[in-house]
> 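Can you keep this structure in mind? I'll have questions shortly.
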Amino acid sequence: MTEALLPETEAIDKVLFPQDFWTEKSFLSSMKEHHAYCIVSKSDSKESVAGYVVFSSVFDEGELLHIGVSKEFQKKGLAGRMLSFMNEFGNTNKIKKWFLEVRRSNDPAVALYKKFGFKAVGTRKNYYKTPTGREDALIMVKETAC
């Protein structure tokens, strides 16, 4: 991810997560952290942002902080490819455990994370904003063989 892509990335995030989207400043802050990685996937046909993933690692633990795929590119395997990239990074850097939070109601994301070996281990009450209040987050963990 580069600073030049921040407006486009924020615009996609605003569509995907209208109640709690990441701003350009949020992405920039993660980009400047030495233990955070911001990756953008561009479309083949255009030089536009198709998706993005932000994750961090400290010692042997990693956390998926944020992931999004533009509506135009959803259901084409892009999120899975970005998670595969994150897993490869984890294998190379000996990450033993990955963490993430996901909206309890986000069945497609929960199914994808389970496909990648994540298991629900807890709940964060009222973690996410919704148009009518708050929603719980599932806490998911993946342990690796590293």
> Carefully, step by step, assess Glu135 and Ser105 under the rule side-chain hydrogen bond (donor to acceptor under 3.5 Å, both in side chains).
CA-CA 8 Å; Glu135 178 180 355; Ser105 66; 2.5 Å; yes
> List in chain and number order the residues that pass salt bridge (charged side-chain N to carboxylate O under 4.0 Å, His left out) with Lys76, two or more places apart in sequence or in another chain; answer none if no residue qualifies.
none
> State which residues pass side chain to side chain donor-acceptor pair (under 3.5 Å) with Thr123; sequence neighbours excluded, sorted by chain then number.
Arg104
> Could you walk me through whether Asn87 and Thr144 satisfy the side chain to side chain contact (heavy atoms under 4.5 Å, CB included) test, starting with their C-alpha distance in whole Å, then the side-chain angles of each, then the deciding distance to 0.1 Å, before giving a yes or no?
CA-CA 9 Å; Asn87 279 338; Thr144 67; 5.8 Å; no
> Check the pair Leu65 / Trp22 against side chain to side chain contact (heavy atoms under 4.5 Å, CB included), numbers first and verdict last.
CA-CA 11 Å; Leu65 301 171; Trp22 278 30; 4.1 Å; yes
> So if you build clusters from Ile, Leu, Val, Met, Phe, Trp, Tyr with side-chain heavy-atom gaps below 4.5 Å, do Tyr127 and Leu100 land together?
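Different clusters: Tyr127 never reaches Leu100 through Ile, Leu, Val, Met, Phe, Trp or Tyr contacts under 4.5 Å.
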> Which pairs, with at least one residue in residues 19-37 and sequence neighbours excluded, count as a salt bridge (Lys or Arg N to Asp or Glu O under 4.0 Å)?
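Sorted pair list: Asp20-Arg103.
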> Quick one: list whatever passes ring-ring contact (aromatic ring centres under 6.0 Å, His included) with Tyr37, sequence neighbours left out.
Phe55, Phe89
> Before you tell me yes or no, could you show the steps for Arg124 and Glu101 under salt bridge (Lys or Arg N to Asp or Glu O under 4.0 Å), namely the whole-Å CA-CA distance, both residues' side-chain angles and the distance that decides it to 0.1 Å?
CA-CA 8 Å; Arg124 291 196 196 281; Glu101 287 99 9; 3.0 Å; yes
> Hey, can you pull the donor-acceptor pairs under 3.5 Å for the side chains in residues 109-121, sequence neighbours left out?
none

> If you group Ile, Leu, Val, Met, Phe, Trp and Tyr by side-chain heavy-atom gaps below 4.5 Å, do Leu28 and Met1 land in one group?
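Result: yes, single cluster for both.
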> Nearest 0.5 Å please: distance from the CZ atom of Phe17 over to the NE2 atom of His66.
5.0 Å
> Applying side chain to side chain donor-acceptor pair (under 3.5 Å), name anything that partners Ser26, two or more places apart in sequence or on another chain.
Thr23
> Identify the two heavy atoms, one from Ala79 and one from Ile67, that lie closest to each other, and give their separation to 0.1 Å.
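Closest approach of Ala79 to Ile67, heavy atoms only: O-CD1, 4.1 Å.
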> Could you check if a side-chain atom of Met140 sits within less than 4.5 angstrom of a side-chain atom of Trp98, using non-hydrogen atoms only?
no
> Just to verify, what does Glu10 make a salt bridge (charged side-chain N to carboxylate O under 4.0 Å, His left out) with, not counting sequence neighbours?
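Glu10 satisfies salt bridge (charged side-chain N to carboxylate O under 4.0 Å, His left out) with Lys14 once adjacent residues are dropped.
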> With Glu63, which residues qualify under side chain to side chain donor-acceptor pair (under 3.5 Å), at least two apart?
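Testing Glu63 for side chain to side chain donor-acceptor pair (under 3.5 Å), a comparison that skips the adjacent residues, returns none.
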> What residues, two or more places apart in sequence or in another chain, satisfy side chain to side chain donor-acceptor pair (under 3.5 Å) together with Ser29?
none
> Which heavy atom of Leu78 sits nearest to which heavy atom of Gly51, and what is that distance?
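Minimum heavy-atom separation between Leu78 and Gly51: CD2-N, 3.9 Å.
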> Does some side-chain heavy atom of Glu8 sit less than 4.5 Å from a side-chain heavy atom of Leu6?
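Leu6 does not reach Glu8 side chain to side chain.
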> How many angstroms lie between NZ in Lys142 and CG in Leu64, if you round to the nearest 0.5 Å?
11.0 Å
> Any non-hydrogen side-chain atom of Asp60 less than 4.5 Å from a side-chain atom of Lys97?
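Side-chain contact under 4.5 Å: no.
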> Clusters formed by hydrophobic residues whose side-chain heavy atoms approach within less than 4.5 Å: which one holds Phe59, and what are its other members?
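In the cluster with Phe59 are Val58.
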> Just verifying a value: how many Å separate Ile95 CD1 and Glu61 CD, rounded to the nearest 0.5 Å?
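So the CD1 of Ile95 and the CD of Glu61 are separated by 8.5 Å.
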> Can you list everything that forms a salt bridge (charged side-chain N to carboxylate O under 4.0 Å, His left out) with Lys125? Sequence neighbours excluded, please.
Asp136
> With ring pair (Phe, Tyr, Trp, His ring centres under 6.0 Å) as the test, pick out the partner of Tyr52 among Phe27, Phe73, Phe85.
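For Tyr52, the ring pair (Phe, Tyr, Trp, His ring centres under 6.0 Å) test succeeds with only one of Phe27, Phe73, Phe85, which is Phe27.
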> Could you list the residues that satisfy salt bridge (charged side-chain N to carboxylate O under 4.0 Å, His left out) with Arg81, not counting sequence neighbours?
none
> What distance do Ser48 atom OG and Ile12 atom CD1 have between them, rounded to the nearest 0.5 Å?
7.0 Å
> Heavy-atom distance under 4.5 Å between the side chains of Gln74 and Leu16, does that happen here?
yes
